[in-house]
Each structure stands twice: as structure tokens, then as C-alpha cells.
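Okay, structure first, notes after.
Counting begins at 1 with the first residue of the sequence.
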Amino acid sequence: MKVKRLKISNFRNYASQLVEFKSGINFLIGKNAQGKTNLLEAIYISSLGHSPRTNKERDTIKWDTTTAKIALEIERRSGTVKLETHISKNHKKIVTINDIPILRIGELLGQLNVIYFSPDELSLIKDAANQRRRFLDINISQIKKPYFYTLGRYNKILSQRNRLLKQISANKASHDTLAVWDSQLAKEGAQIILTRQKFIQNLTPYICLAHASLTSLKEQIALTYETSIVTKETTSREVNNSPHLETEIENLFLQRLTTTRERDIGLGHTSTGPHRDDIKLSVNDVDVRLFGSQGQQRTATLSLKLGLFKLYENLLKEAPVLLLDDVFSELDEARKQNLLDFCKGQSQTIITGVDTLLNDKAVADILKQTHSNIFYIENGSVKV
């Protein structure tokens, strides 16, 4: 899987720009605030249908215009695919695959798989659990599209249950009506929990290998899915070989909803379920979310991304595109070298960096060893 051509119009600080990427490592080099990250953002939007930097899509439109367009041509094992995204300040976004408009964003998932890292990704470790749940949901949806629709159903049912809880609290509805929503929520929630558990168990070996490589075997990382619905014994079970586990989780979830019902009515929202779950990351048996240094958190985040890359490659039999934004700014020389060695063996990596990056010894060595491609970015313009 490779990005062949990216053409953007009125996107961020670009009026019009065509970039033809190549296999191997592509370096986007330039001073700060010239538009390097904007190119990665455009590719990410083409992959997942939303920006990694803002929830307001209109913010990506060039300030003096009303519409923006991203046109991406990708090369897949099955052939060439053209993805286009039209963003407007006044109209709904339009996404097309090979010139055919899609009706739901779920149809876009899996067309172009990308693994994205930026300094902002540290929020995955440092911030609240919702960031880690988002990480799970985005990546599982790319690998397993039905999960995306299960998640949508769950969130809709959850919203209905929460609305009913508020009505019951205000004596405007009966307790009896909760049973229907509890049953539906438990059914969809069990699928989500089990799928996440499978994902974590499958991802863990790849993360461990990536972390061991980045740290030259000096640190060990562990990954655990934390949920209030099931016991530790259930969580640690080999989920891929437990055919009745989903029914077991559904029953446990239903029991939990019954137990917490009065509390939920008082709170006005559902206090338990996969929408409250988390991922625990430990480095050398220390919870890196709470006690890890900035360097450990950065390396743990990067290990998640590289492990994810390998999981995608093995499950889908096609490597995703690796997008690394300003990844070298706080890595020591050994970790830079280990990361570049990883990138060297991949079909396509796109890396941004300041203009002094090319003077870095590890980068200079890679440039000598491989046919890496260098693009110079200046004020919304790309030069080879």
C-alpha cells in the first residue's frame, strides 16, 4: 500500500500543490510553520475521513477561500484507487472513491491504512482514558469494519439509555423501560469488549518487539485492557479460543447494569461499560500513564504505533503507510537509529523534520544506504 500522488487545493496554507511520493522513505524538510504537517494531515483525512488535529473541518480550508479539496491516488495490491475529499464552509463534506460518492464514512475505512505519529500523540499516554479508547476504536475499525458499525449502534443505544435515566430521575418515566435498553446495550457492548480484548492480545507481541528494539532491550512494555465488566481471569483468558466468551461477557454486563441501576439514575448517565474502559501501559512494571518520564511516554507511544504497523501488515497482508511527524526532535541517537532501521525495511514511510534534520548522523547514514526521497517545503510550496 503506497501513496502515489497527493493533490490539494485551498487546503491549510496550500493554494494548489501536487506531490508525487515514492517507495521507501520520503523526507519532508523545511523550517517550522511551512506546511509539512499539513501534507500528512491531508493523507490522514483521506484515510479516516477526519483530521487528527481539529474537530472542525472548516479549519482546514485556506483562510481566504470557502472550499478545499484533497485528491489522493494510492497503489494497493488490488490496483490503483483514487480518493477525493471535498470540504466546504457552507455544505456537507463529500467523499468519493474512484469518483463514486460514499454515503457513510465507514465505506472509506480500509481503503488506505495509515499509522500516524506526531508530538500530539503523547496525549494517548498522558491524557484521559477517552484518548486510548479512541485509539482502539479507530484502529480496530480499519482492520475490522463491522466493529465500526457495532460501535455506532452501541453509542446510539447508550445515548437513549442516558436520556431515559434522566427522565426517570425527574419522575417522567418508569424504571421498567430500562430493561429493554439494558439488554440491547449488553449485547452490543459484549461484542465491543471482546473485540478490543482480541485486538490487545494480538497487538501485544508486536508492541513488545518494537519497544525492545527502540530501547535496545533495556525496557520491557506490557499492555492490558482494563474493563469493569469482566474479571481479571476473563480478561487474561485466550480470547481467540473461547467460543462462549461473548455470551459470558454479555451476561456479566447485564448483571453490572442491574447492580448500578440506582446509581446511574442518580447520576443521569451510564457509569459502566466499554465507553468507560481503558488501556494500561507499563514499562518495567511501572504504569507509564502516571509515573513514566516524558521520554518513556514518547517511546511507549511510538512503540504502540510501530507495533500497530506490524499487526496491520500481518493481518491484512499489506503494509500500511507510516506517517511520522517531527518524530526525531526528542529521541536520543540510539533510538533515532533504531527507528530509521525500522523505516528502512518498509514499503513507504513519510517523515517530516526541520531543515537541520539532514545533518543528523543517523539520517545522513540512511540517505547514503537507501534511495530516500527528499522534498523541501517552504511557505506552502513543495520542491524536490
Side-chain angles (χ1 to χ4, degrees), residues 1-4 21 23-26 40-50 52 72 74-81 83 97 105-118 121 124 131-151 192 194-214 221 223 225 239-240 279 281 299-325 327 338-351:
M1 192 172 288
K2 300 171 189 173
V3 176
K4 294 177 66 177
F21 293 101
S23 300
I25 302 176
N26 296 265
L40 298 191
E41 181 183 24
I43 296 171
Y44 186 100
I45 290 172
S46 299
S47 170
L48 290 163
H50 65 267
L72 202 67
I74 61 175
E75 182 181 302
R76 297 187 52 176
R77 190 177 51 198
S78 57
T80 300
V81 179
L83 307 174
I97 301 174
I105 206 66
E107 298 175 49
L108 180 64
L109 300 178
Q111 293 293 332
L112 169 65
N113 293 321
V114 300
I115 306 298
Y116 175 78
F117 176 89
S118 78
E121 295 292 293
L124 181 58
Q131 293 292 331
R132 292 178 286 280
R133 289 193 297 270
R134 184 171 180 269
F135 165 82
L136 287 173
D137 294 338
I138 286 174
N139 289 293
I140 297 173
S141 294
Q142 287 199 83
I143 294 172
K144 190 175 182 179
K145 193 178 292 188
Y147 176 86
F148 177 80
Y149 297 111
T150 301
L151 190 66
I192 292 170
L194 185 59
T195 304
R196 287 177 177 176
Q197 287 180 335
K198 288 180 179 179
F199 178 78
I200 292 296
Q201 287 192 5
N202 291 334
L203 178 60
T204 294
Y206 297 106
I207 291 177
C208 291
L209 285 172
H211 198 81
S213 176
L214 285 174
I221 193 170
L223 196 63
Y225 182 60
V239 295
N240 291 310
I279 307 172
L281 295 105
T299 304
T301 305
L302 190 53
S303 297
L304 275 175
K305 300 293 184 172
L306 299 185
L308 193 60
F309 181 98
K310 283 299 184 182
L311 178 64
Y312 272 54
E313 185 177 38
N314 281 275
L315 287 180
L316 303 176
K317 308 305 179 187
E318 190 169 19
V321 177
L322 188 56
L323 307 176
L324 302 175
D325 186 26
V327 70
N338 291 335
L339 176 57
L340 283 167
D341 285 342
F342 179 93
C343 296
K344 186 170 61 175
Q346 310 314 323
S347 57
Q348 189 179 59
T349 304
I350 304 175
I351 303 173

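Under the 4.5 Å side-chain criterion, counting only non-hydrogen atoms from C-beta, Leu203 is not in contact with Asn139. For the pair Thr80/Ile74, no side-chain contact is recorded, criterion being any heavy-atom separation below 4.5 Å from C-beta on. Looking at heavy atoms from C-beta onward, Met1 lies out of side-chain contact with Glu313 at the 4.5 angstrom threshold. With contacts defined as side-chain heavy-atom distances shorter than 4.5 Å, the pair Tyr147/Ile192 qualifies. In this structure the side chain of Phe117 never reaches within 4.5 angstrom of the side chain of Leu306, judged on heavy atoms. Residues Lys310 and Leu209 fail the side-chain proximity criterion, which asks for heavy atoms closer than 4.5 Å.
No side-chain donor-acceptor contact under 3.5 Å links Thr349 to the backbone of Leu322. In this structure, Asn26 contributes its side chain and Ile350 its backbone to no donor-acceptor pair below 3.5 Å. Not a single donor-acceptor pair under 3.5 Å links the side chain of Glu121 to the backbone N or O of Thr301. Judged by distance alone, with hydrogens and angles left aside, the side-chain atoms of Ser47 form no donor-acceptor pair with the main-chain N or O of Ile43 at under 3.5 Å. At least one donor-acceptor pair closer than 3.5 Å links the side chain of Gln348 to the backbone N or O of Val3. Side chain of Lys317 to backbone of Asn314: a donor-acceptor contact under 3.5 angstrom is found. Put simply, the side chain of Ser303 gets close to the backbone of Thr299: a donor and an acceptor are under 3.5 Å apart.
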(message) Determine whether Ser347 and Lys2 satisfy the following criterion, side chain to side chain donor-acceptor pair (under 3.5 Å), listing intermediate values before the conclusion.
(response) CA-CA 7 Å; Ser347 57; Lys2 300 171 189 173; over 6 Å; no
(request) Please report the C-alpha distance between Leu311 and Ile143 in whole Å, then the side-chain angles of each, then the deciding distance to 0.1 Å, and finally whether the side-chain contact (heavy atoms from CB on, under 4.5 Å) criterion is met. (result) CA-CA 9 Å; Leu311 178 64; Ile143 294 172; 4.3 Å; yes
(request) Applying side-chain contact (heavy atoms from CB on, under 4.5 Å), run through His50 and Ile138 and close with a yes or a no. (result) CA-CA 11 Å; His50 65 267; Ile138 286 174; 4.0 Å; yes
(request) Tell me, with the steps shown, if Arg132 and Leu281 meet side-chain contact (heavy atoms from CB on, under 4.5 Å). (result) CA-CA 10 Å; Arg132 292 178 286 280; Leu281 295 105; 4.2 Å; yes
(request) Give the C-alpha distance, both sets of side-chain angles, the deciding distance and a yes or no for side-chain contact (heavy atoms from CB on, under 4.5 Å) between Phe199 and Leu308. (result) CA-CA 10 Å; Phe199 178 78; Leu308 193 60; 3.5 Å; yes
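Heavy-atom minimum distance, Gly49 versus Leu108: N-CD2, 3.6 Å. Taking both residues in full, the closest heavy atoms of Ser213 and Asn338 are given as O-ND2, 2.8 Å, listed atom of the first, atom of the second, then distance.
Not a single side-chain hydrogen bond (donor to acceptor under 3.5 Å, both in side chains) links Thr195 to another residue, sequence neighbours left out.
Distance CZ/Arg133 to CD1/Ile279: 10.0 Å, rounded to 0.5 Å.
A side chain to side chain donor-acceptor pair (under 3.5 Å) with Tyr225 is found for one member of Gln201, Gln197, Lys198, Arg196 and no other, namely Arg196.
No more than 12 heavy atoms of other residues, nucleotides or ligands lie within 6.0 Å of NZ in Lys144, so this atom counts as exposed by the packing criterion.
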